[in-house]
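In what follows, a structure is listed as structure tokens, so that the remarks can point back to it.
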Amino acid sequence: MNTTDQIITTTTAAPMARGPLIIVAITVFLNVAGFTLILPVVPFLVGRYVATELIGVYVGLIVSVFALCAFCAAPVLGSLSDHYGRRPILILSLLGSAAGYVVFGLGGALWVLFAGRIIDGLTAGNIATIYAFVADYYPPAERGRVYGLLGAIGGLGFMLGPVAGGLLGSISPELPLFAAAAVTLLSAAWVFFALPEARVRKTEPFILNVRQLNPLAQLGNVLKRPQLRIPFVAAFSFFFAGTMLQSNFAVYLTQLLQFGPIGIGWALFGVGVMDIVSQGMLSSLLLPRLGAERVTRLGLAINAAGFALIACLVFVPTIALLCAALFVFTLGDGLFQPAINATIANAAPADMQGAVQGANQAQQALARMVGPLLAAVLSPVGLSAPYWVACAVVLAGLAVLMAARPARA
């Protein structure tokens with residue numbers, strides 16, 4: 001029986017098995033590097049078709065359209081990965097991303113930019129599938145550490161991708177899109193040839209019913225499980241706030257500090273450096289000592305402070321404050337993500353890892369859909385308004401965790 005026909009259970013998997021971890025780590029690096037290549041140039045590509053004062057609005061709309069498509073597709077792709085295995089769904093998702101980047105890079109009209117993100121969104125299942133693979137392959141005690149290491153690898157991609165995108169964008173704004181497509185195709189080829197399968201492909205036919213096409217029904221089905229509700233609420237608050245920053249940050253730096261593509265790329269480079277430190281080192285040290293629940297709360301509290309510091313840039317628009325704000329923000333981000341991912345994976349039944357991770361990605365997509373729209377609405381009110389609201393949202397998620405703690409104690 002070859003590796004594509006085997007299922008590797010948590011009882012037989014060796015702790016922190018290096019082979020699959022290295023393969024998945026390279027996949028994560030290529031995936032994040034490809035996505036972040038385009039970040040410094042999106043405002044400039046959109047600016048070709050809309051007035052300057054509307055760039056932030058349309059960037060937010062493009063992000064939201066992608067998120068809407070991902071929200072609809074992620075639960076279905078998650079269920080498909082439970083049925084057919086992780087590899088084919090991961091490859092499908094990566095090929096869809098590559099096609100979306102090419103369409104976006106070709107451009108020519110505003111609707112073409114939207115079409116590129118729609119294609120990418122309808123195949124957005126790569127992260128959920130990778131997380132489900134980790135849950136298949138590693139026992140619960142190892143998952144938090146693995147997620148932290150993968151987050152650090154993603155931070156390396158986040159560090160290098162925007163810098164490369166900024167440099168390429170200074171030559172031609174379209175060039176990072178085609179580079180992202182090439183990197184994503186490389187990732188798909190790597191998965192095809194190197195990644196083992198961790199699930200048995202089911203022999204019975206997969207019957208896709210109307211309920212499975214309804215992302216709200218899929219999300220509701222997962223939230224029926226009490227052990228998943230609080231982690232999902234905390235994750236939603238975190239990602240909702242984070243998407244307000246992601247969709248608006250390049251515009252914020254452009255208008256407040258007059259950054260160009262290279263400056264934006266270097267700012268995101270700093271985020272990647274701190275991601276490596278916080279997810280790859282600090283979370284690995286703190287999770288075994290404090291536990292996932294405490295690290296989750298600590299990460300949210302620090303993340304809220306980071307949002308407040310970013311908002312304060314409007315009062316003190318200096319590089320020094322930007323560096324301090326990104327340091328604090330990314331520290332909280334790096335502690336929270338591996339802790340919440342481990343909590344969700346450990347609470348999910350083994351035969352529902354794909355569905356639960358798909359639902360988790362769906363709620364993140366919902367956050368990415370609503371968050372950028374709110375940021376776009378708040379931006380005309382004040383440049384820092386999205387970040388003050390994001391800080392309040394994260395604090396609300398922290399309050400839910402704190403209020404739920406006695407009930408579980």
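It should be emphasised that the depicted structure is a prediction, and the values quoted were computed from it without experimental measurement. In this chain, residues are counted from 1 in sequence order. Computed over heavy atoms, backbone and side chain alike; hydrogens, waters and symmetry mates excluded.
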Any chance you could measure [X], atom [atom1], to [Y], atom [atom2], to the nearest 0.5 Å?
X      : Y      : atom1 : atom2 : result
Leu313 : Phe315 : CG    : CZ    : 10.5 Å
Leu149 : Ile22  : CG    : CD1   : 11.5 Å
Leu287 : Thr343 : CG    : OG1   : 8.5 Å
Tyr147 : Ile344 : OH    : CD1   : 9.0 Å
Leu95  : Phe192 : CG    : CZ    : 10.5 Å
Met244 : Cys391 : CE    : SG    : 11.0 Å

Worksheet item: Do Val277 and Thr330 have side-chain heavy atoms sitting under 4.5 Å apart?
Response: no

Discussion item. Would you say that Leu322 contacts Leu253 through its side chain, given a criterion of any heavy-atom pair below 4.5 Å between the two side chains?
Written reply: yes

Fill in: side-chain contact (heavy atoms from CB on, under 4.5 Å) evaluation trace for Ile38 with Leu45
CA-CA 10 Å; Ile38 75 172; Leu45 290 172; over 6 Å; no

What's the shortest heavy-atom distance between [X] and [Y], and which atoms?
X      : Y      : result
Ala98  : Ala181 : O-CB, 3.6 Å
Ile118 : Cys69  : CG2-SG, 3.8 Å
Pro386 : Ala375 : CG-O, 3.8 Å
Ala325 : Leu309 : CB-CB, 3.6 Å
Val59  : Pro43  : CG2-CA, 4.1 Å
Thr296 : Phe336 : CG2-CE1, 3.3 Å

Discussion item. Assess, by modelled atom type and distance only, whether the side chains of Gln337 and Asn341 contain a donor and an acceptor separated by less than 3.5 Å.
Written reply: no

Worksheet item: Where do Tyr49 and Tyr58 land on the ring-ring contact (aromatic ring centres under 6.0 Å, His included) test, with the steps shown first?
Response: CA-CA 10 Å; Tyr49 309 107; Tyr58 277 92; over 10 Å; no

Practice prompt. Would you check, one step at a time, whether the test side-chain contact (heavy atoms from CB on, under 4.5 Å) holds for Thr254 with Ile55?
Written response: CA-CA 11 Å; Thr254 300; Ile55 291 176; over 6 Å; no

Donor-acceptor under 3.5 Å ([X] side chain, [Y] main chain):
X      : Y      : answer
Thr243 : Ala367 : yes
Arg86  : Ile130 : no
Gln363 : Phe232 : yes
Ser93  : Thr123 : yes

Practice prompt. Take Tyr252 and Ser384 through the side-chain contact (heavy atoms from CB on, under 4.5 Å) test and state the conclusion after the steps.
Written response: CA-CA 8 Å; Tyr252 190 58; Ser384 63; 3.9 Å; yes

Worksheet item: For Val183, which residues count as a side-chain contact (heavy atoms from CB on, under 4.5 Å) partner, sequence neighbours excluded?
Response: Leu30, Leu37

Item to complete: Taking atom CZ of Phe259 as the centre, report whether more than 12 heavy atoms of other residues, nucleotides or ligands fall under 6.0 Å from it.
Response: yes

Discussion item. I need the single residue from Leu94, Ile89, Val134 that forms a side-chain contact (heavy atoms from CB on, under 4.5 Å) with Thr129. Which is it?
Written reply: Ile89

Discussion item. Test: ring-ring contact (aromatic ring centres under 6.0 Å, His included). Region: residues 99-124. Which pairs qualify, not counting sequence neighbours?
Written reply: none

Without placing hydrogens or testing angles, list every side-chain donor-acceptor pair under 3.5 Å for residues 235-242, not counting sequence neighbours.
from	atom 1	to	atom 2	distance (Å)
Ser237	OG	Ala234	O	2.8

Worksheet item: Of all residues at least two apart in sequence or in a different chain, which pass the side chain to side chain donor-acceptor pair (under 3.5 Å) check with Ser97?
Response: Asp120

Listing, residues 298-306 side-chain donor-acceptor contacts under 3.5 Å, not counting sequence neighbours, or none:
from	atom 1	to	atom 2	distance (Å)
Asn303	ND2	Phe329	O	3.2

Worksheet item: salt bridge (charged side-chain N to carboxylate O under 4.0 Å, His left out) with Arg48: which residues, sequence neighbours excluded?
Response: Glu174

